[in-house]
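Each remark here refers to the structure printed beneath this line.
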Amino acid sequence: MLWEISGNGITQPSYLFGTIHLMCPDDIKMPEIVSEKFNSSKYLFLEIDLTDPHMMENAVVMMQMKDSTTIEKLLGKDFEKVNQSFKSITGMPLQMMNQIKPMMIISALLPAMIGCMPASWESAFQKMAEEKKMAVKGLETVKDQMDVFDSIPYKNQANILSRTILNMDSSKQELQKMLKMYNEKDIEQMNRVTTMDTDLKNFEGALINDRNKKWIPVIEKQIKNESTFFAFGAGHLGGEMGVINLMRLKGYTIRPIMY
């Protein structure tokens with residue numbers, strides 16, 4: 001999932017790395033070539049700047065649904081059934097998250113879905129950046145990300161949450177398929193399945209495409225100044241509106257680095 005950006009007048013290459021947020025710590029193994037390209041870079045760009053001291057407090061506030069909407073209202077008569085299943089999976093009643101955006105709540109299910117407490121490539125790269133005293137920045141802000149989830153009707157999000165909770169066996173199978181695609185570096189298929197859900201298919205623009213288009217000027221400006229390592233969700237790389245194709249349309253040479 002490592003790609004080199006060169007050409008179009010830049011003097012030193014930069015790199016794109018596709019991440020996934022659903023892996024067990026033991027499965028995050030840093031290939032030597034990835035470490036080498038990371039160490040040759042002067043900046044690290046993640047989707048958001050994880051070193052921002054105000055990030056967590058801002059995120060906690062922005063995770064709340066607007067207009068006093070609650071999960072209980074969204075699920076109606078199905079709430080108690082979903083609540084009981086959620087409690088049996090996580091040990092927590094769903095009421096504890098009653099005002100959280102539904103798609104944010106899915107993260108509480110991940111330990112049960114993958115059998116461990118998930119780790120992230122982003123955290124691994126952030127730690128490497130701290131050790132190297134490398135500056136860390138974000139392609140977007142917490143507000144940008146939370147605005148995306150406000151653009152998707154909460155009812156659609158609640159439907160996804162309900163299906164995930166009530167169909168944990170199939171949810172686990174779908175997750176394993178996604179991990180298999182990631183390990184096989186199949187970015188095109190990952191891009192396609194990211195928004196295949198019936199409740200999300202009309203929101204691919206908000207989830208993926210619009211964000212990709214906003215990232216391109218940020219990437220362009222940065223790579224003209226310094227060699228930079230960009231790490232973000234692998235679902236943003238592939239497809240006609242993926243970062244790789246959008247950068248190629250701008251005249252850059254984007255080549256995969258195999259490992």
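One-based numbering along the sequence shown. Values below: every heavy atom of this structure, side chains too, minus hydrogens, waters and symmetry copies.
Cation-pi contact between K73 and Y154: absent, since separation from the ring centre below 6.0 Å together with deviation from the ring axis within 45° is not met.
A heavy-atom distance below 4.5 Å is found between the side chains of F79 and Q95. Taking the side chain as every heavy atom from C-beta outward, I71 and F86 never approach each other to under 4.5 Å. Residues I5 and I219 form a side-chain contact, since some pair of their non-hydrogen atoms from C-beta on lies under 4.5 Å apart. The side-chain heavy atoms of M97 and M104, taken from C-beta on, include no pair separated by under 4.5 Å. Between S14 and Y43, every side-chain heavy-atom pair lies at or beyond the 4.5 Å cut-off. Proximity of K87 to L94: side-chain heavy atoms (C-beta onward) are nowhere separated by under 4.5 Å. Counting heavy atoms from C-beta on, the side chains of I114 and M23 never come closer than 4.5 Å.
Using a 30° and 60° split on the angle between ring planes, F45 and F230 fall in the tilted class, from 30° to 60°. Note: F125 and F38 have parallel aromatic rings, judged against thresholds of 30 and 60 degrees for the angle between ring planes.
Each of V60 and M146 belongs to its own hydrophobic cluster when Ile, Leu, Val, Met, Phe, Trp and Tyr are linked at side-chain heavy-atom distances under 4.5 angstrom. Cluster annotation: I105 is connected to M56 through the hydrophobic network of ILVMFWY side chains, with a link wherever side-chain heavy atoms come within less than 4.5 Å. Linking Ile, Leu, Val, Met, Phe, Trp and Tyr whenever their side-chain heavy atoms come within less than 4.5 Å puts M92 and M113 in one cluster. I33 and I254 fall within the same hydrophobic cluster, where Ile, Leu, Val, Met, Phe, Trp and Tyr residues are linked whenever their side-chain heavy atoms come under 4.5 Å apart, directly or through other members.
Nearest heavy atom pair, residue V82 against residue S162, reads CG2-OG, 3.5 Å. Between H21 and P118 the shortest heavy-atom distance is O-CB, 4.3 Å. Of all non-hydrogen atoms in L166 and S85, the two that sit nearest each other are CD2-OG, 3.5 Å. When all heavy atoms of E188 and G239 are compared, the closest pair comes out as OE1-N, 2.9 Å. Closest heavy-atom contact between L246 and M241: CD1-O, 3.4 Å. Between M168 and I165, the shortest heavy-atom distance links the atoms CG-O, 3.4 Å.
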**Study point:** Evaluation steps, salt bridge (charged side-chain N to carboxylate O under 4.0 Å, His left out), between D186 and K180
**Key:** CA-CA 9 Å; D186 190 347; K180 183 173 184 290; over 6 Å; no
Practice item. Report the C-alpha separation of E122 and Q126 in whole Å, then their side-chain angles, then the decisive distance to 0.1 Å, and conclude whether the side chain to side chain donor-acceptor pair (under 3.5 Å) test is met. Key: CA-CA 6 Å; E122 288 86 349; Q126 180 189 347; over 6 Å; no
**Study point:** side-chain contact (heavy atoms from CB on, under 4.5 Å) between L237 and F232, worked out
**Key:** CA-CA 9 Å; L237 287 171; F232 50 80; 3.8 Å; yes
Exercise for review: Determine, stepwise, if the pair R163 / I160 fulfils side-chain contact (heavy atoms from CB on, under 4.5 Å).
Suggested key: CA-CA 5 Å; R163 285 203 314 271; I160 294 169; 4.0 Å; yes
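The pair K143-D147 meets the salt-bridge criterion, with a side-chain N (NZ, NE, NH1 or NH2) lying under 4.0 Å from an Asp/Glu carboxylate O. The pair E130-K127 does not count as a salt bridge, with every side-chain nitrogen at least 4.0 angstrom from each carboxylate oxygen. Ion pairing between E140 and K214 fails under the 4.0 Å rule for side-chain N and carboxylate O.
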